[in-house]
**Student:** 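One structure, pasted below without further comment.
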There are 2 protein chains.
Amino acid sequence: MTSDAHARPTGNAAEPLYDITVATPTHAERARTLVAGTSTGTLCTIAIEPAGYPYGSFVTVAFDGGNPVFLISALAEHTHNLERDARASLLVAESGSDDPLANGRVTMLGECRRVGAAAAAELTGAREAFLAVHPNARYYAGFRDFAFWKLRVDAVRYIGGYGRMSWVPTAEWHAAQPDPLGPSAAAIIAHMNADHADALVLYCTAFSKARDISSAAMTGIDRYGFEMSARTGEGPRPIRVAFPHPVTTAEDARAALIAMLDEARTRRS
Amino acid sequence: MTSDAHARPTGNAAEPLYDITVATPTHAERARTLVAGTSTGTLCTIAIEPAGYPYGSFVTVAFDGGNPVFLISALAEHTHNLERDARASLLVAESGSDDPLANGRVTMLGECRRVGAAAAAELTGAREAFLAVHPNARYYAGFRDFAFWKLRVDAVRYIGGYGRMSWVPTAEWHAAQPDPLGPSAAAIIAHMNADHADALVLYCTAFSKARDISSAAMTGIDRYGFEMSARTGEGPRPIRVAFPHPVTTAEDARAALIAMLDEARTRRS
């Protein structure tokens, strides 16, 4: 008997050091945050030639809500394919980790169609969303053969790294908001690890069951809280701590981190 | 009338400063070189659910000759898809340029099937090719649910950046060899631009029609020669110069560059 889908040795899984019911982003929120931070991906279409094969092509992309928007040429293979069969998917992948399979990725499936001039408001939305992310595309947005296309997302597969994956319910995908800390998370994490190593240890001891901690590194931060890797006598252990309430800006997060440090010091004394 | 497929204004295209029939890598060679330098890509399969949709997923990859090899789990969506329908493609894309559409990419299409234990030599080849590029995969290569799969390339679409694209004849793809300078090209280019700016100007004036050159930067190097961007009175102009004969190692390339510098100095004096 194994408890692991990949049939790895089980060993004795250690008890978590934190309350695992603590507020955490949903997969819909994680996936929307991931794609909001990316501007390129792989568009998958059904090829005309060789007929019926799935065809992957590199594209630049932006998001109009939860739907990917493209500015593509009528001369391109993927566009020929979509004109014949609208079924498509877009894969967007994070980079960052040295282990490529530890990075997150999202596959969005649905029909991808040209946004016609008749749908004026939709076209304006698509254009604005795309050019906000790809300002240099203004240069070719006016070429006769280029048009905006939108993939209406109907199914979403999210893989957040090892062991974190699901089909995200489509309604949740469209309702979710990208994390407001998305664009600033990397800088906050770098700052906390460089300048506030002591605070990270205090958070761990005050807000988790961890006791003997020689050091701790922040590994993630989002609107609901933050994650650390704590060095314990039994090796590195993950600890997640929630903010008292969700934050909406990087400045909010900073204030919450300072307030929680005060609270941690109070508990210790 | 326009001479450009994208219907851009034509202007007066300047006459090339170099012999455009100079030895140059074929698209097959460029594409094989590109994929040889990459270890991840997007695998496109035909989804079971939503049925018939093209499904893009992130994969690690290696190349056994011209065929991509994967080590994938029977639990993964793409594997379920391939078990039902072997038609697949793999998109591999370069990074590097700040302009994402200036980077090269290759789509390889064909049937992707599990390499069974019965095909012992093929399995050994696939395993060795994969583990040479992904040594850490040894850790899970032995899991029961993981197996090696190979995409037998039947069609190849190459896009080398703006205006350089073609369907590569399949026989050429399989016969071509990745450029031997591929792994060292970036270092050679950086070295030439950092330490041999004068030599680059000399190459341009000795081996092209360019005369008034204030500076030149190396932009590419391959077994057949190298490319520069020369700053002229009319702005930057591309210049390609061939080696006297194809080189096979970085050391060869270095010797050829030195010999050509001597030749350039002789011509000038």
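Throughout, protein chains are lettered first and strands after them, A, B, ... in sequence-line order, and every chain is numbered starting at 1.
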**Student:** Side chain from CB out, backbone as N, CA, C, O: work out which of these in A/Glu49 comes under 4.5 Å of a heavy atom of chain B, or both, or neither.
**Tutor:** backbone
**Student:** Below 4.5 Å, heavy atoms only, C-beta onward: do A/Leu91 and B/Tyr55 meet side chain to side chain?
**Tutor:** no
**Student:** Going by heavy atoms in the side chains, are B/Thr107 and A/Tyr53 under 4.5 Å from each other?
**Tutor:** no
**Student:** For residues 35-45 of chain A, tabulate all N or O donor-acceptor pairs below 3.5 Å that involve a side-chain atom, not counting sequence neighbours.
**Tutor:**
{"from": "A/Thr38", "atom 1": "OG1", "to": "A/Leu34", "atom 2": "O", "distance (Å)": "2.7"}
{"from": "A/Thr38", "atom 1": "OG1", "to": "A/Val35", "atom 2": "O", "distance (Å)": "3.4"}
{"from": "A/Thr42", "atom 1": "OG1", "to": "B/Thr42", "atom 2": "OG1", "distance (Å)": "2.7"}
{"from": "A/Thr45", "atom 1": "OG1", "to": "A/Asn81", "atom 2": "ND2", "distance (Å)": "3.0"}

**Student:** Need one label for A/Ala51: side chain, backbone, both or neither, based on atoms under 4.5 Å from any heavy atom in chain B.
**Tutor:** backbone
**Student:** Are A/Ile46 and B/Ile46 packed together at the side-chain level, in the sense that at least one heavy-atom pair is separated by less than 4.5 angstrom?
**Tutor:** yes
**Student:** Looking at A/Ala74, A/Ser95, A/Ser89, which has the largest count of heavy-atom pairs under 4.5 Å with chain B?
**Tutor:** A/Ser89
**Student:** If you count heavy-atom pairs within less than 4.5 Å of chain B, which of A/Met165, A/Glu111, A/His134 leads?
**Tutor:** A/Glu111
**Student:** So with a 6.0 Å cut-off around CZ of A/Arg114, is the heavy-atom count from everything else above 12?
**Tutor:** no
**Student:** Can you confirm whether A/Leu101 sits close enough to B/Phe58 that some side-chain heavy atom of one is under 4.5 Å from a side-chain heavy atom of the other?
**Tutor:** yes
**Student:** Taking every non-hydrogen pair under 4.5 Å, which of A/Ala47, A/Ala155, A/Ala93, A/Ser57 racks up the most with chain B?
**Tutor:** A/Ser57
**Student:** Give the minimum heavy-atom separation between A/Thr60 and B/Pro100, together with the two atoms involved.
**Tutor:** CG2-CG, 3.8 Å
**Student:** When heavy-atom pairs shorter than 4.5 Å are enumerated against chain A, which of B/Arg105, B/Glu77, B/Met108 gives the highest number?
**Tutor:** B/Glu77
**Student:** Is it the backbone or the side chain of A/Pro50 that comes under 4.5 Å from a heavy atom of chain B, or both, or neither?
**Tutor:** side chain
